[in-house]
Amino acid sequence: MQLHPKQPIRFLPRVTRLASTLCFLSSTFAHAVDYVWDNSAANNNYSDASNWVNNIAPVAGVDNYAIVGLTGANKTTFSTGTSANLAALYIGHNGTDGEFLQTGGTLNFTARTSGVTNIGANGKTGTFVMSGGTANLNIVALGTGSNGVGNMTVTGGAMIIPRSPGSYTSLQVDAGTDNATGKFEISGGSLQTRNYVNIGDRGTFSVVGSSATSILIGNNPTSRDGKWTQESGGTLRCRIGTNGITKIVINENNDASDSGNGDVVFKAGALLDPGFVSTAIEGEWDIMKWEGTLTNNGLGLAPGVDPTLWNFYFVDTDQSGSPDTLRVKTGKIVQ
């Protein structure tokens, strides 16, 4: 089934991989404008009207979408200023691969509360790389439809995902129904979601080193709780640097309207992939901390991880009687 910009998606809770997590709204929305990137001015500047079909730069609107389907020398770059607020951003969505680079400024794609920023759909690859600035991206789906490949990399700046309608998922890493792949990686800057993060069976959430200032899931004290769900095959990748690693924090905000509760769920077959940024060192590091409850149905080390070197365990750090922290530990390093 071909994804189309006029068919935003919403998420349903995953029960098993056989039960799809992605569905299409039965109704469609009439767009005021679909803004399509063509880089006609050849300067890669998102804010230059000449780089959009019909030389019209995106204008704010709850039914206006920006569509990026070019890569490499023709990728989209956003560097300064504040963008008009649109319903959503689509990268690698409309039959071609797409690439978007943000180095500064403020991006706004939150005009439609149910809008989904789709990155990589139906056999195409979408890539979003952020090195600076602030991005406000309603809901984010990485890897949608059949064989879509969605990649998001944050090396600097503030990635904010402030929406979460439907099943309350803010970030879906591998949102597809058939061999889709999603990867989120953070090595600097920060991530803040309104609430849930779901790692699909071909999804990878990667934290590299300690330069990221914060990774906060459910970081809105007045609305919605955080929750982390990792499916069978879904991977949490952590790379320890000389100064350790930035911890993922799952918040509970005492919101009675949803069931997130700052909980963490590892399905049977969920994977943990620890390693080093460069130099191997001995020690132990806290990878994730949560304010709710843990449901561990079988988190295990990923294929290729040396079980004689790496171990992980769940720790009660606040003396509540229940574990609240995922910790990894290395054994003796043989040089």
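Here the structure is a predicted model, which means the values were calculated and not measured. Atom set for the values below is all heavy atoms of this structure, side chains included, hydrogens, waters and symmetry mates excluded.
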When you check the side-chain N and O atoms of [X] and [Y], is any donor under 3.5 Å from an acceptor?
X: Ser170; Y: Asn195; value: yes
X: Thr317; Y: Asp324; value: yes
X: Thr155; Y: Ser131; value: no
X: Thr110; Y: Asn108; value: no

pair [X]-[Y]: side-chain heavy atoms closer than 4.5 Å:
X: Cys238; Y: Ile287; result: yes
X: Ile199; Y: Glu231; result: no
X: Leu236; Y: Met288; result: yes
X: Lys267; Y: Val265; result: yes
X: Ile215; Y: Val207; result: yes
X: Val315; Y: Pro323; result: no
X: Leu137; Y: Pro162; result: no
X: Glu284; Y: Val328; result: no

Which heavy atom of [X] sits nearest a heavy atom of [Y], and at what distance?
X: Gly143; Y: Ala180; value: O-CB, 3.6 Å
X: Ser190; Y: Thr213; value: CB-OG1, 3.4 Å
X: Ser211; Y: Thr246; value: N-OG1, 4.0 Å
X: Lys183; Y: Ser206; value: CE-CB, 4.4 Å

| query | How far apart are the C-alpha atoms of Met152 and Val129, what are their side-chain angles, what is the distance that settles it, and do they pass the side-chain contact (heavy atoms from CB on, under 4.5 Å) test? | reply | CA-CA 6 Å; Met152 176 174 281; Val129 177; over 6 Å; no

Which atom pairs, donor and acceptor, lie under 3.5 Å between side-chain atoms of residues 48-56 and protein residues at least two apart or in another chain?
| from | atom 1 | to | atom 2 | distance (Å) |
| --- | --- | --- | --- | --- |
| Asp48 | OD1 | Ser50 | N | 2.9 |
| Asp48 | OD1 | Ser50 | OG | 3.3 |
| Asp48 | OD2 | Asn43 | ND2 | 2.8 |
| Asn51 | OD1 | Ser40 | N | 3.3 |
| Asn51 | OD1 | Ala41 | N | 2.8 |
| Asn51 | ND2 | Asn43 | OD1 | 2.5 |
| Asn51 | ND2 | Asn45 | O | 2.9 |
| Trp52 | NE1 | Tyr46 | O | 2.9 |

So does [Y] get a backbone contact from the side chain of [X], meaning a donor-acceptor N/O pair under 3.5 Å?
X: Thr96; Y: Gly69; answer: yes
X: Asn74; Y: Asn39; answer: no
X: Arg163; Y: Arg194; answer: no
X: Thr330; Y: Ile281; answer: yes
X: Thr169; Y: Leu171; answer: no

Reported [atom1]-to-[atom2] distance for the pair [X] and [Y], which is rounded to 0.5 angstrom:
X: Asn251; Y: Leu216; atom1: CG; atom2: CG; value: 6.0 Å
X: Asn138; Y: Asn85; atom1: CG; atom2: CG; value: 8.5 Å
X: Asp318; Y: Glu291; atom1: CG; atom2: CD; value: 9.5 Å
X: Asp178; Y: Arg202; atom1: CG; atom2: CZ; value: 8.5 Å
X: Phe128; Y: Gln102; atom1: CZ; atom2: CD; value: 5.0 Å
X: Arg327; Y: Asp286; atom1: CZ; atom2: CG; value: 4.0 Å

| task | Take Lys227 and Asp263 through the test salt bridge (Lys or Arg N to Asp or Glu O under 4.0 Å) and record every step on the way to the result. | result | CA-CA 5 Å; Lys227 184 175 183 179; Asp263 295 343; 5.5 Å; no

| field | Residues Trp285, Phe312; criterion ring pair (Phe, Tyr, Trp, His ring centres under 6.0 Å); working and verdict | value | CA-CA 9 Å; Trp285 301 269; Phe312 70 90; over 10 Å; no

| Of Thr325, Asn296, Val264, which is the lone residue that meets side chain to side chain contact (heavy atoms under 4.5 Å, CB included) with Phe314? |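 Answer after filtering Thr325, Asn296, Val264: Asn296.
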
| request: Carefully, step by step, assess Phe100 and Phe78 under the rule ring pair (Phe, Tyr, Trp, His ring centres under 6.0 Å). | output: CA-CA 8 Å; Phe100 195 111; Phe78 187 86; 7.1 Å; no

